[in-house]
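What follows is one structure encoded as structure tokens, with my remarks underneath.
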Amino acid sequence: MIKLKFILSAALLLLLSVPDAFSQADRRQVRAGNRDFKKEDYRSADVDYRKALLKDSTSLAANYNLANTCYLLAGGQKAVGSLDEASRFYAAVEEKASESGHAADYWFNVGDLAIARKDWSGAVDAFKKSLLANPDDLDAKENYIYARKKMEDQQNNQDQNQNQDQNQDQNQDQNQNQDQQNNQDQNQDQQNNQDQNQNQDQDQNQDQNQDQNQGGGQQNGQREPQISPQAAQQMLQAIQAKEKETQDKVNKEKALMLKSREKEKNW
């Protein structure tokens, strides 16, 4: 439940330990801003509080009430820039507000701002501090429970998304490994086919060469050798010379035999 709690000028004066911490002009601007704020004229209140900050940038009342005004001008979550401004003005007086009697209200409003920004862990922390300062604040208890539930849901969603991301990464890795394996298998099949085709081509070439050699041998066997006339004449003369030599030898042997017989007769 969104419910801002404000510090007005009368309460503010009780917070100051230094009598002259605010000039009369500073107080007038804060009071003017409070009047405009009560009228829900937040634009005018914004101007008044900013004028007070020009006089004293450390003013607890001006920073705190200007932060509340920026939050309302933001319209919840519609104007992020105004929410950022509200957060900046709250942070400017965190130490002073935490040590003041208005710590519970301060942390309550900081928690509401955190809810508007969906900063659930920040909201839980702020409402916890508000309850430490005022344990009987039912609104703070309700908002604390709400913010804690939202924070737990956010953490569960983050864990779930993280698990989904891990599963997706694992699936991607598995698909990538499968694709690599498929590519390797395909490349191996292509290599095997190439090797097989190469071996077939080699076998065919060998068979073809063998057939050609056999065919050439047969053709050579069928052809009769060609002899030139000169070579034929030389071969004929050699044959005739061999026959004459043989005939002379036979005649010589016959002559010796006849001579031997004649000797036998003389005896």
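Residues: numbered from 1 along the sequence shown.
- Taking the six-membered ring where the residue is Trp, F37 and Y49 present tilted rings, their angle falling between 30° and 60°.
- When each of Q184, Q190, Q188 is tested with Q186 by the rule side chain to side chain contact (heavy atoms under 4.5 Å, CB included), just one qualifies, namely Q190.
- Of all non-hydrogen atoms in Q154 and K118, the two that sit nearest each other are NE2-O, 4.4 Å.
- A salt bridge between R117 and D84 is present, with a side-chain N of the basic residue lying under 4.0 Å from a carboxylate O of the acidic one.
- Among all heavy-atom pairs drawn from L131 and A140, the shortest one is CD2-CB, 3.6 Å.
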Pair K96-T58, side-chain contact (heavy atoms from CB on, under 4.5 Å): steps then yes or no: CA-CA 9 Å; K96 287 184 179 180; T58 63; 3.7 Å; yes
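- Between N143 atom CG and L138 atom CG the span is 11.0 Å, to the nearest 0.5 Å.
- Below 30°, between 30° and 60°, or above 60°: for F108 and F127 the angle between ring planes is above 60°, a perpendicular geometry.
- Pairing each heavy atom of A147 with each of V124, the nearest pair is C-CG2, 3.6 Å.
- Both L113 and L72 are part of a single hydrophobic cluster, where members link through side-chain heavy atoms under 4.5 Å apart.
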Check against salt bridge (Lys or Arg N to Asp or Glu O under 4.0 Å), K141 and D137: CA-CA 6 Å; K141 289 180 180 179; D137 190 339; over 6 Å; no
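- Rounding to the nearest 0.5 Å gives a distance of 10.0 Å between OG of S228 and CE of M235.
- Side chain of T246 to main chain of K242: a donor-acceptor pair is present (N/O by atom type, distance under 3.5 Å, no hydrogens or angles).
- N156 and Q160 share no donor-acceptor pair across their side chains, judged by distance under 3.5 Å alone.
- At a threshold of 4.0 Å, the pair R50-D46 counts as salt-bridged, since one of the basic side-chain nitrogens sits closer than that to a carboxylate oxygen.
- Interatomic distance, E99 CD to L60 CG, rounded to the nearest 0.5 Å: 11.0 Å.
- Taking N63 as the reference, L53, F89, A92, V93 meet the side chain to side chain contact (heavy atoms under 4.5 Å, CB included) condition, with sequence neighbours excluded.
- Within the model, atoms NZ of K55 and CZ of R28 stand 8.5 Å from one another, a figure rounded to the nearest 0.5 Å.
- The backbone N or O of N65 lies less than 3.5 Å from a partner atom in the side chain of T69, making a donor-acceptor pair.
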Candidate pair L132 and W107, rule side-chain contact (heavy atoms from CB on, under 4.5 Å), full reasoning: CA-CA 10 Å; L132 289 175; W107 286 112; over 6 Å; no
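- Residues V47 and Y64 are members of separate hydrophobic clusters, defined by side-chain heavy-atom contacts under 4.5 angstrom among Ile, Leu, Val, Met, Phe, Trp and Tyr.
- The stretch residues 144-156 participates, sequence neighbours left out, in these salt bridge (Lys or Arg N to Asp or Glu O under 4.0 Å) pairs: K149-D153.
- A donor-acceptor pair is defined here as one N or O able to donate and one able to accept, closer than 3.5 Å; no such pair exists between the side chain of Y42 and the backbone of N68.
- For A114, the side chain to side chain contact (heavy atoms under 4.5 Å, CB included) partners are D119, A123, not counting sequence neighbours.
- Judged purely by distance below 3.5 Å, without hydrogens or angles, the side chains of D56 and S59 never pair a donor atom with an acceptor atom.
- Not one N or O on the side chain of K129 forms a donor-acceptor pair closer than 3.5 Å with the backbone of Y106.
- For the atom pair OH (Y71) and CG (L66), the distance works out to 15.5 Å, reported to the nearest 0.5 Å.
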